[in-house]
Participant: 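Dropping the structure in here first, questions after.
Since the structure is predicted, the reported quantities are computational estimates derived from the model, not experimental observations.
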Amino acid sequence: MTFTDTRTDPSARHASSWRGSLRLRLTAVFGLLFFVAAAAVLAGSVILVRNSMQYGLDVAFSYTHPPDADAGTKSVILESMRRNLLTKGGLTVLAVGALATSAGWLASGRLLRPLHQITSTAERIAGRTLHQRIDLDLPPGEVKRLADSFDQMLDRLDSAFAGQERFIANAAHELKTPLVINRTLVEVALNRPDVPSEMQQLGEQLLAVNARHERLIDALLTLARAEDALTDRHPLDLADLCTTVIEAAEPEASRQEVRMTRRFAAAPTVGDPILLEQLVRNLVENAVRHNRRGGHLEVTTRRGARWTQVEVTNTGPVISVHEIPVLFEPFRRLTDRVGSARGSGLGLSIVRAVAQAHDGDVAAVPRPGGGLTVCVTLPARQVSAPK
C-alpha cells in the first residue's frame, strides 16, 4: 500500500501567498483609488471645459453671425474638443496611474518591511530556537509596539521551555534513580545462595515490574523530548536506521515466530538520529508484539521528489477504521491490548510526536484480514548527483 504526500506543493504555497499578499492588496487599493479620483477629475474637467467653450462660442458667434445661424458648427467644435480632451486626458490618466501604482508598490513594500522582519524572525524561531529576538529599530508606533510585544512573549516562552527542560531532566533523575536502586537491591537479594524458590519467583516478578516502569519512564521522556523543538539535526538514511532496528528485533520476532521482510530503498532525510531511530523501533516492536504467532511483518522505505517514507505492515487482530485514532493517543490501547504488560500505550504517540517534530506526519490504515499498515512521511534530503 502506498501513501501519497499530503503536504502542500511549494508552487501552490507561493501562488497562495501572492493571493493573500498584503502588499499586493495595498497596491491594488492605491491604484484603484487613484484611477477613480483621476476619472472623476477628468469627467469634471470635460464638463467645465464644455460649459466654458459653450459660453465663449455663444459670445463670439453673437457678434459675427445671426443667432442660431451656426449651431451645427458650434456643436462640431464642442464635440471635437470633448473627444480631444477625453483622448489625451485618458492617456495621461493611464500613464500617471501606472506610475502611481508603481510608486504605491514601492511605498507599501517599505511600509511593510518591518512586518516582513517580524515574520522572518518568527519563522526562524519556530524552526530552530527561542533565543532570537526581533529587536526592531523603529520610532515608537504601532509596528514597534507589535514587535516589542512579540519579543516579550518570546521571553516568557523561552523561560517556560527552559523550565520544562529542567523539569524533564530532574524528573528523569528523580524517577529513574529509585527504580535503579530497587533493581539493584532485588538482584543482589536474588544472587544469594540461600534464596527460597518462592522468593526467587517473587524477585523475578519484581524485576519484570521494575523493568516495565523503567520502559514507561523512558517512553514518557522520549515523548516529551519529541514534542520539544529540535535543535540536533543531521543527514541520515531511514533505510540504515531500519536495518539496525530490524537486526535488534530479530530475537523477539523469532520467539514470536514472526517472519520479517525488508524492502529498502534509499530514503535520505535530515533529523535527530536518536529520535528517528526510536520512531522506527516503536513501529517494528509494535508490529512484532501485536502480531500473531506465525505471522509476518514488512518494512519498506521509499523516496519521492520531496519526501521519504518508512512503512511497516504487520499481520494481527482485526482493527476497525474508527479505532485507528485511539492508537495514537497516549495511554490509549485497544480492548485486546488493555492489561497487557508488553506495552505502555505510548508507542504510536511517540511515533506521531517525532514525525511532527520533523515536519512530517504519520498515517495508519487497517490491513485486510487483520493487522495494520503504518506509514511515516518525512521531508526528503536532496542528495547531489555524483560528478
Side-chain angles (χ1 to χ4, degrees), residues 1 3 211-223 225-227 238 241-264 274-301 309-358 360-378:
M1 181 175 296
F3 289 77
R212 184 169 184 268
H213 289 166
E214 289 183 356
R215 291 195 300 270
L216 175 59
I217 292 174
D218 289 336
L220 287 171
L221 295 176
T222 302
L223 181 61
R225 183 187 173 197
E227 292 178 342
L238 293 177
L241 296 181
C242 291
T243 300
T244 302
V245 171
I246 286 181
E247 291 176 354
E250 283 179 348
E252 184 176 359
S254 298
R255 288 192 296 270
Q256 298 287 336
E257 299 180 2
V258 175
R259 177 173 52 87
M260 294 192 294
T261 303
R262 315 180 188 188
R263 298 183 184 276
F264 292 165
I274 297 177
L275 288 179
L276 291 178
E277 183 178 346
Q278 185 67 42
L279 178 149
V280 177
R281 180 178 293 109
N282 284 5
L283 291 177
V284 174
E285 289 181 353
N286 278 351
V288 173
R289 292 173 182 174
H290 303 296
N291 213 313
R292 58 177 173 81
R293 184 168 294 275
H296 74 276
L297 70 86
E298 180 178 303
V299 181
T300 305
T301 61
Q309 289 181 337
V310 53
E311 179 181 294
V312 178
T313 301
N314 66 283
T315 54
V318 176
I319 301 175
S320 302
V321 175
H322 69 273
E323 294 176 317
I324 296 297
V326 178
L327 298 176
F328 290 93
E329 296 297 327
F331 303 108
R332 297 285 302 276
R333 290 169 289 185
L334 299 183
T335 304
D336 60 324
R337 299 186 183 186
V338 174
S340 173
R342 293 180 298 173
S344 60
L346 290 171
L348 291 181
S349 301
I350 293 175
V351 169
R352 182 174 62 179
V354 173
Q356 292 178 349
H358 288 81
D361 202 358
V362 58
V365 294
R367 180 181 174 274
L372 195 66
T373 297
V374 183
C375 182
V376 176
T377 303
L378 300 174

Participant: Could you check whether any side-chain heavy atom of Gln278 comes within less than 4.5 Å of a side-chain heavy atom of Val354, counting everything from C-beta outward?
Facilitator: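 A side-chain contact is absent here, since even the closest heavy-atom pair is not under 4.5 Å.
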
Participant: Set out, in order, the CA-CA distance, both residues' side-chain angles and the distance that settles side chain to side chain contact (heavy atoms under 4.5 Å, CB included) for Leu348 and Asn286, then state yes or no.
Facilitator: CA-CA 8 Å; Leu348 291 181; Asn286 278 351; 3.9 Å; yes

Participant: Is there side-chain contact between Leu327 and Glu323, with heavy atoms separated by less than 4.5 Å?
Facilitator: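 No, their side chains stay 4.5 Å or more apart.
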
Participant: Using side-chain heavy atoms (C-beta onward) and a distance below 4.5 Å, is Val284 in contact with Val280?
Facilitator: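 Yes - at least one pair of side-chain heavy atoms lies under 4.5 Å apart.
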
Participant: Taking the side chain as C-beta and beyond, is there a heavy-atom pair between Val376 and Val312 under 4.5 Å?
Facilitator: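 Heavy-atom side-chain distance check fails, nothing below 4.5 Å.
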
Participant: For residues Gln309 and Thr377, report the shortest heavy-atom separation together with the two atoms involved.
Facilitator: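 Closest heavy-atom pair between Gln309 and Thr377: NE2-OG1, 3.1 Å.
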
Participant: I'd like to know whether CZ of Arg263 has more than 12 heavy-atom contacts from other residues, nucleotides or ligands below 6.0 angstrom.
Facilitator: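 No, because the 6.0 Å sphere around CZ of Arg263 holds 12 heavy atoms or fewer from other groups.
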
Participant: Taking the side chain as C-beta and beyond, is there a heavy-atom pair between Val365 and Val321 under 4.5 Å?
Facilitator: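 The answer is no, as the side chains (C-beta and beyond) never meet within the 4.5 Å cut-off.
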
Participant: On a heavy-atom basis, which atom in Val310 and which in Cys242 lie closest, and how many Å separate them?
Facilitator: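 Taking every non-hydrogen atom into account, CG2-SG, 3.6 Å.
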
Participant: Report the C-alpha distance between Thr261 and Thr300 in whole Å, list the side-chain angles of each, state the deciding distance to 0.1 Å, and finish with yes or no for side chain to side chain contact (heavy atoms under 4.5 Å, CB included).
Facilitator: CA-CA 8 Å; Thr261 303; Thr300 305; over 6 Å; no

Participant: Looking at residues at least two apart in the chain, or sitting in another chain, which of them share a side-chain contact (heavy atoms from CB on, under 4.5 Å) with Arg292?
Facilitator: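 Residues passing side-chain contact (heavy atoms from CB on, under 4.5 Å) with Arg292: Thr315.
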
Participant: Counting N and O atoms only, with roles assigned by atom type, does the side chain of Glu252 sit under 3.5 Å from a partner on the main chain of Ala249, one being a donor and the other an acceptor?
Facilitator: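 Judged by distance alone, no pair lies under 3.5 Å.
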
Participant: Please round to the nearest 0.5 Å and tell me the distance separating atom CG of Asn282 and atom CZ of Arg289.
Facilitator: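 These two atoms lie 8.5 Å from each other.
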
Participant: List in chain and number order the residues that pass salt bridge (charged side-chain N to carboxylate O under 4.0 Å, His left out) with Arg259, two or more places apart in sequence or in another chain; answer none if no residue qualifies.
Facilitator: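 In terms of salt bridge (charged side-chain N to carboxylate O under 4.0 Å, His left out), with neighbours along the sequence ignored, Arg259 is linked to no residue.
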
Participant: Quick one: do the Thr313 and Glu298 side chains pair a donor with an acceptor below 3.5 Å?
Facilitator: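 No, because no side-chain N or O of Thr313 sits under 3.5 Å from a partner of the opposite role on Glu298.
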
Participant: With heavy-atom distances below 4.5 Å as the criterion, would you say the side chains of Glu311 and Leu283 are in contact?
Facilitator: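 No. Closest side-chain heavy atoms not under 4.5 Å.
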
Participant: Phe264 and Val299: which non-hydrogen atoms are nearest, and at how many Å?
Facilitator: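 It is CE2-O, 3.5 Å.
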
Participant: Is there side-chain contact between Leu241 and Leu238, with at least one heavy-atom pair below 4.5 Å?
Facilitator: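 Yes, their side chains come closer than 4.5 Å.
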
Participant: With the side chain counted from C-beta on, respond yes when Cys375 and Val362 share a heavy-atom pair under 4.5 Å apart, and no when they do not.
Facilitator: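 With C-beta onward as the side chain, the pair stays apart.
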
Participant: Test your reading of the model: is there a side-chain donor-acceptor pair from Asn291 to the backbone of His296, 3.5 Å cut-off?
Facilitator: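 A pair under 3.5 Å: yes.
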
Participant: Considering non-hydrogen atoms only, spot the tightest contact between Gly371 and Ile319 and give its length.
Facilitator: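 Looking at all heavy atoms of both residues, the shortest contact is O-CD1, 4.1 Å.
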
Participant: Can you see which heavy atom on Ser349 is nearest to which on Phe328, and at what distance?
Facilitator: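 In terms of heavy atoms, the two residues are closest at OG-O, 3.1 Å.
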
Participant: If you compare all heavy atoms of His290 against all heavy atoms of Asn314, which two are closest, and at what distance to 0.1 Å?
Facilitator: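 Closest approach of His290 to Asn314: O-ND2, 4.0 Å.
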
Participant: Closer than 3.5 angstrom, by distance alone: can the side chain of Arg367 be matched with the main-chain N or O of Thr373 as a donor-acceptor pair?
Facilitator: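 Between the backbone of Thr373 and the side chain of Arg367 there is no qualifying donor-acceptor contact (under 3.5 Å).
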
